[in-house]
Each structure stands twice: as C-alpha cells, then as structure tokens.
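The structure appears below as structure tokens.
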Amino acid sequence: MASSLEMEVEENNISIQEAEAEAIAAAAGESVAAIAEGGEVGTAEQQASEGLIREDDDAVAYGFGRPDLQKKKPLVGSVDHYERHVFLCYHAAESWPAKIEKGAYEPLPNSMVSALRNRKTDMPKKTRLTIAEGHDEPVATNGDVLIFPDMVKYKGLGESDVESFVDEVLVAGKEWALGSPEPLTGFHVFICGHGSRDKRCGTCGPPLKETFSEELSKLLLKDQVFVRLCSHIGGHKYAGNVIIFGHSENGIVTGHWYGYVTPDDVPELIEQHICQGRIIDRLWRGQMGLTEDEQKERLQERIAAGSTVENEVQRECACAEVGEQGATNGTLYENGSLSQDKKSCQKCAPILMPRIGSRDLTKMCGDAEAEEAATLSQPLPKDKKSRVGKFFKMPQWVEYWEADDTKVVLAVAGAATCVVLAYHLYRTSANQQ
C-alpha cells in the first residue's frame, strides 16, 4: 500500500531511468531502446558527462519544449487522495538530495519523515509531507511548518521538537505547547523544483517561480500571493507541477493541483484561479481531499454545467494589440485589470471573488473606475424609488440627489443673494448722493 507521505516512490509513473532515457533520446535523436541497449541509462548528469546530451539541449529534453509536454496526456485523477498537506521550510531547492527521506541529509527533515511514518496510522487525516524553500535571512524561515487546509504556520521547528509537534498537532489535533500557530492569509503557490530528483522539475520549476513573481509584482499582489519551490510531489512527467492553496468562493480552503504548466499559463492561473476562483481544466490534475474518481466526477460536473474556462466564448477585447508593452496574447495586466497602453479596459476586467485571504479583492484585482460604474448602473432600492413621482420619470441626477448636494446649492444661492443685495445698496447710496 502506498504511503501517504510524498516522499514515497513515484505513484503510477514510469521509472526515473525510463523518463531520463526518453528525454535523452528526444534530445539526441536516438530511441530509448538504442540508449538502454548497452545497460543502465544512469543519471542525467552522467549522460551529459558522457556527451549523450548537451546542456544546451536541456530545454528540449527536460523543459517546456519536451515531446511529452507537447502531447499533454490527460491529467485529471493523477493526484492520490489525501486530506492534509504539511510543508516543512528548509533551505534552498539546490541543496535538496534526490531522496530527502533517505541518507544523511539533515537531522530536521529526516526526523520529520520518521515521526510521520511512525505515527501514520494514528493520524486522523491522511497527511502528505513536502519540503519547501526556506532561508536564514532576511527573515528566518528554516524550520517553519505550513499546514493546509488549516491555513496555519508554526515557526522555528527544531529537531528536538518534532516528536511533540507530530503528537500534539498532527495526531491529537491540539495546539502545540511549544508554540502558537499563526494564521495564513491569501494564496500559497508551490512549484515543484526538485531538480536532483528529476531534471524536468529542476528545469521547469525556477522559470515558473520567476514568472509568477513578475506577474504578481505587476498586479501588486506579492503581499497576498506567496510562491515557493517545493520538493517532489509525484508526477515528474507532468512538470511543471503547481499546487495552489487558498480560500474558495464559499470560504473553504482548497488545494488544486496543476500539471504541464508553462510560463505562458501563469497569467491565466492568476487571473482565472486566484482572482476569479475558476479552475483551468486543461491543466487540472486534481484536488486535495478528493479521490481519483471524485476528481473525474468534479471535472465532468463543470463540463456539464458549462462552467469550464475552455467552454466559454473567448471575450473580444479592444486591447488585443498593446504594442511593445503587451504580454502574452496581446494582453497587458496592470493593477489587476486588463488594459491597453496603460488605460483601463473595463470590458475585460475580471469578475471578482468577494475576498482573498483577509483583504477585499476589489481593491487588489479590480478596476476602481469599473467598480464605480457598476455601482451607478445598479437599480435603485425600493425605498429610494418611492420618492420618485409615479406619473413621470425624473432625470437620473434627481434620483441620486443627496443632502450634501442640497447644502452646496443653498450655500451658492446665499452667496449670490448677498452679492446682489450689496450691489443694490451700493447703487441706492450713489443715487442719493
């Protein structure tokens, strides 16, 4: 039976050697059989050193141009059922060995893996453990533990703390005696960048993280959407692999998995999934908390309801051409709306979810002018309509007349009256003289 921990041998995937052989063959123009004929394929680094593949061919063999990504096999149902995801922040992705759970890597990750395996049957929720990027400065995050769907963070876990943490928090479901949890807000994006485990993830992960950072900076969302590289999550062949955790429209925390993600898909993931709460089904692998069959059923439900992004008619937009500053598909994102030459395009402004974390999305992804126009175009409440005459339609400015407007008019009228009276007194005095 497969373990609930993510460090288990890759589920339902081709072997790592076969994957590397296929990639090498694609780059060198040879067949997998021809390469494997002489014995074991070996690691990607060994193949490169032997001249079978050049570093310049990495993008073709392992990156976004590799043949298997272009074919894009069906993704839905490729996420094993689990109910809780625990991320241990620990050092940079470049420092992670191929098998973090094996060998003499670092005491803290090894202790965490051992404790979870020992208490696996005692935990009320099927739990997956993954390593995420951590650092010592400018703010120390090594040892921080992020838990989803709980949306909490425990800071500074040490090797000696692991047993009590697992027993109290993950098994007993209590608050840890050695530290209080901090709530997590916003959205949290994890991208597999475990290059020592599989070169496809090591090649695709960093560019995806960079693209996410660039797009979020344009949208002023970097303080609400947090992006990290993470270790192996299963499904190397689906690289780039991305998981997005956050509150859905109904307030429930979800964890959606995406595969075959390229930098060109990042703006769509931000606009559709993060800003609008809508799933990109062509890239959707599955969801935390759902079985393989439930993932497939959920996809069919969206297709039947016509709610998939792919089923909708593409919106025609006046900002299809934006010149040199345009992004992919001629779309420039600025302050959360689509725009042309830095002028807001209200027609393409995204439909907004009510909230993202603890902040109102209309202040983050929305267009202020579009929101104001939408407010003015809404029908009047019944109590305000009742003031309007029944037999004729009053002008719209009368319907929206407020008390402050009356005060301004009265003040102007009073000032004008004073001027007229003063002038009249002046003329009267002059005539008497």
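When a residue number appears, it is its place in the shown sequence, counting from 1.
- A centroid separation of 6.0 Å or more is found between the aromatic rings of Phe187 and His247.
- For Thr211, the side chain to side chain donor-acceptor pair (under 3.5 Å) criterion is met by no residue, not counting sequence neighbours.
- Residues that satisfy the salt bridge (Lys or Arg N to Asp or Glu O under 4.0 Å) test with Lys125, not counting sequence neighbours, are absent from this structure.
- Taking the ring centre of Tyr82 as origin, the terminal cationic atom of Arg128 falls inside the region bounded by 6.0 Å and 45° from the ring axis.
- Residues satisfying the salt bridge (Lys or Arg N to Asp or Glu O under 4.0 Å) criterion with Asp265, sequence neighbours excluded, are Arg282.
- Taking all atoms of both residues into account, the shortest heavy-atom contact from Cys192 to Ser231 is SG-O, 3.8 Å.
- Residues Arg298 and Glu294 are not paired through a salt bridge, judged by the lack of any N-O separation under 4.0 Å between the basic side chain and the carboxylate.
- Residues satisfying the side chain to side chain contact (heavy atoms under 4.5 Å, CB included) criterion with Pro181, sequence neighbours excluded, are Val152, Tyr154, Glu175.
- Evaluation of the side chain to side chain donor-acceptor pair (under 3.5 Å) rule for His194 yields Ser196 as partners, not counting sequence neighbours.
- When all heavy atoms of Pro124 and Val171 are compared, the pair lying nearest together is CD-O, 3.4 Å.
- The ring-ring contact (aromatic ring centres under 6.0 Å, His included) search around Phe212 returns none, not counting sequence neighbours.
- For the residue pair Thr291 / Asp293, no side-chain donor-acceptor distance below 3.5 Å is found, with atom types taken as modelled.
- Asp150 and Arg84 are not joined by a salt bridge, as no carboxylate oxygen comes within less than 4.0 angstrom of a charged side-chain nitrogen.
- Residues satisfying the side chain to side chain donor-acceptor pair (under 3.5 Å) test with Asp122, not counting sequence neighbours, are Arg119.
- Of all non-hydrogen atoms in Phe87 and Ala132, the two that sit nearest each other are CD2-CB, 4.2 Å.
- When each of Tyr260, Trp257, Trp284, Tyr258 is checked for a ring-ring contact (aromatic ring centres under 6.0 Å, His included) with Tyr238, only Tyr260 meets the rule.
- Partners of Ser114 under the side chain to side chain donor-acceptor pair (under 3.5 Å) rule, at least two apart in sequence or in another chain, do not exist in this structure.
- In this structure His135 satisfies the side chain to side chain contact (heavy atoms under 4.5 Å, CB included) test together with Thr141, sequence neighbours excluded.
- Salt bridge present: Glu133 and Lys209 bring a charged side-chain N and a carboxylate O closer than 4.0 Å.
- The side chain to side chain contact (heavy atoms under 4.5 Å, CB included) check on Gln300 picks up Ile303, with sequence neighbours excluded.
- In this structure, the side chain to side chain contact (heavy atoms under 4.5 Å, CB included) partners of Glu182, at least two apart in sequence or on a different chain, are Lys153, Lys155.
- Remark: Arg228 pairs with no residue by the salt bridge (Lys or Arg N to Asp or Glu O under 4.0 Å) rule, at least two apart or across chains.
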